[in-house]
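Note sheet for the following structure.
Values below: every heavy atom of this structure, side chains too, minus hydrogens, waters and symmetry copies.
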Amino acid sequence: MSAASREIVGEAAAARSQLEFDDNLLLPLLYGERDQHLDRIERHLGVSLVPRGNRLAIAGPASATEVARLALSRLYERLKRGQEIDMAAVEAAMRMAQAESEDKSLSLWREDAGFRTRKRRIAARSAGQADYVKAMREHELVFGLGPAGTGKTYLAVAAAIDLLMGGQVERVILSRPAVEAGERLGFLPGDLREKVDPYLRPIFDALNDMLPAEQIAKRLGNGEIEVAPIAFMRGRTLARAFVILDEAQNTTPVQMKMFLTRLGEGSRMVVTGDPSQVDLAPGARSGLADALEALRGLDNIGVVHFTEKDVVRHPLVARIVGAYEARERAARGDLPP
């Protein structure tokens, strides 16, 4: 039985509710060490949380109380399914509860709103991420667009590993343009692997979070997982593969067209990028922007736009992203400077 809630009499501008739990052994995990999870919810939402036995009283503004109730209920359900929760999960629960409270038609807590890997189950942690997961399940080609820290690459790798483990694809191909900091592969020291590694490190970090090290080594060795710069995609047809192009804003239109046309039978492709972080030479057109314009209106293509609300790194990152976006809007005249 999941957490049950009971509304208590409240004032017009404030509300009180109570959660009742059926497994006291889970409450220390739900509340956190020294009630740190409850403290975080209180500070963030401006509510009061008072535990008494197997009950938790919630009081505060009506909207905030509802968000707290929903977030705590979902976290408790997660614990009952045997999943762990930490401060990041608490932050995610509040974000998703806020989105659901604003739009009752949303269903962000579905069991399929995430992916299973060898190490863990990876679930959406924001409304934008839930849309992204849904798009990757439903479309053969998906564009994930938005700022750093929104999980674009991480969730794409999770989707790829999930399908590889389930046998729906035979290979995972992970690619990235190597143009950051204005360097070219030929000018970097070392062999090809040493040249490529710095550019693909975020992808390897994601893989390490999802597969044991020996599994990564084995699958890299037998070609089930391939990591390569975009230049190595030319002339190939990628059948029964899950193909990811990361940092796509740094491709040229020619590179992007070449990459997109590699899609073969039984394959899926995810293209991620931040249109505001283009590292190409001044005046050069981004292949990502060019592709979005050229493919507008085509069927079976999903396009998901992330915002600062979807940033799942340190809370300060979301505020930093928001500050930059506000300044850019002001420069365009969307807001007063």
Side-chain angles (χ1 to χ4, degrees), residues 2 37 40-41 44 67-139 141-166 168 202-203 205-207 209-211 242 244 246 268-274 302-315 317-318 321:
S2 62
H37 295 164
R40 178 59 185 145
I41 294 173
H44 184 76
V67 171
R69 185 197 65 79
L70 181 57
L72 285 160
S73 297
R74 300 307 191 186
L75 288 168
Y76 181 71
E77 290 169 7
R78 177 172 175 148
L79 287 170
K80 294 199 71 172
R81 291 195 298 267
Q83 299 172 357
E84 297 179 355
I85 64 172
D86 53 15
M87 193 61 75
V90 173
E91 298 280 354
M94 288 191 288
R95 278 193 299 271
M96 296 175 76
Q98 182 70 53
E100 283 200 355
S101 69
E102 294 171 356
D103 184 350
K104 302 298 183 183
S105 66
L106 290 178
S107 180
L108 305 180
W109 305 89
R110 305 182 315 273
E111 188 63 24
D112 65 346
F115 302 103
R116 294 191 180 278
T117 68
R118 276 295 164 84
K119 282 189 174 181
R120 65 180 66 183
R121 182 179 183 276
I122 295 168
R125 291 191 164 187
S126 72
Q129 287 193 354
D131 289 341
Y132 190 44
V133 170
K134 185 173 185 289
M136 287 191 286
R137 292 191 183 279
E138 295 179 352
H139 298 289
L141 173 59
V142 174
F143 289 86
L145 313 172
T150 51
K152 304 182 300 295
T153 303
Y154 191 82
L155 283 174
V157 174
I161 297 302
D162 188 7
L163 292 184
L164 182 65
M165 297 294 98
Q168 290 108 309
I203 293 176
D205 289 343
L207 285 174
D209 211 25
M210 299 170 196
L211 290 173
F242 196 110
I244 299 171
D246 193 31
R268 289 177 176 266
M269 184 176 285
V270 177
V271 177
T272 72
D274 180 355
V303 180
V304 179
H305 294 269
F306 294 93
T307 71
E308 70 271 16
K309 293 181 179 179
D310 299 301
V311 173
V312 294
R313 292 182 184 169
H314 191 284
V317 175
V321 171

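No hydrogens or angles considered: a donor-acceptor pair under 3.5 Å links the side chains of Asp310 and Ser126.
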Applying side chain to side chain contact (heavy atoms under 4.5 Å, CB included) to Met136 and Phe115, what does each step give before you reach the verdict? CA-CA 11 Å; Met136 287 191 286; Phe115 302 103; 3.9 Å; yes
task = Start with the C-alpha gap between Asp209 and Tyr154, add the side-chain angles, then the distance that decides, and say whether side-chain hydrogen bond (donor to acceptor under 3.5 Å, both in side chains) holds.
result = CA-CA 9 Å; Asp209 211 25; Tyr154 191 82; 2.3 Å; yes
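Side-chain contact between Asp274 and Leu145 is absent, with no heavy-atom pair separated by less than 4.5 Å. Proximity of Ile122 to Met210: side-chain heavy atoms (C-beta onward) are separated by under 4.5 Å at one or more points. Annotation: side chain of Arg268 is not in contact with side chain of Ile244 (no heavy-atom distance under 4.5 Å).
Of the charged side-chain nitrogens involved, at least one lies within less than 4.0 Å of a carboxylate oxygen, so that Arg40 and Glu91 count as a salt-bridged pair. Salt-bridge annotation for Glu77 and Arg74: present, with a side-chain N of the basic residue lying under 4.0 Å from a carboxylate O of the acidic one.
For CD of Glu138, the number of neighbouring non-hydrogen atoms (other residues, nucleotides, ligands) closer than 6.0 Å is greater than 12.
Remark: the backbone N or O of Gly146 is not paired with any side-chain donor or acceptor of Thr150 at under 3.5 angstrom.
In this view, Phe306 and Tyr132 satisfy the ring-ring contact (aromatic ring centres under 6.0 Å, His included) rule, not counting sequence neighbours.
The distance from atom CG of Leu211 to atom OG1 of Thr117, rounded to the nearest 0.5 Å, is 6.5 Å.
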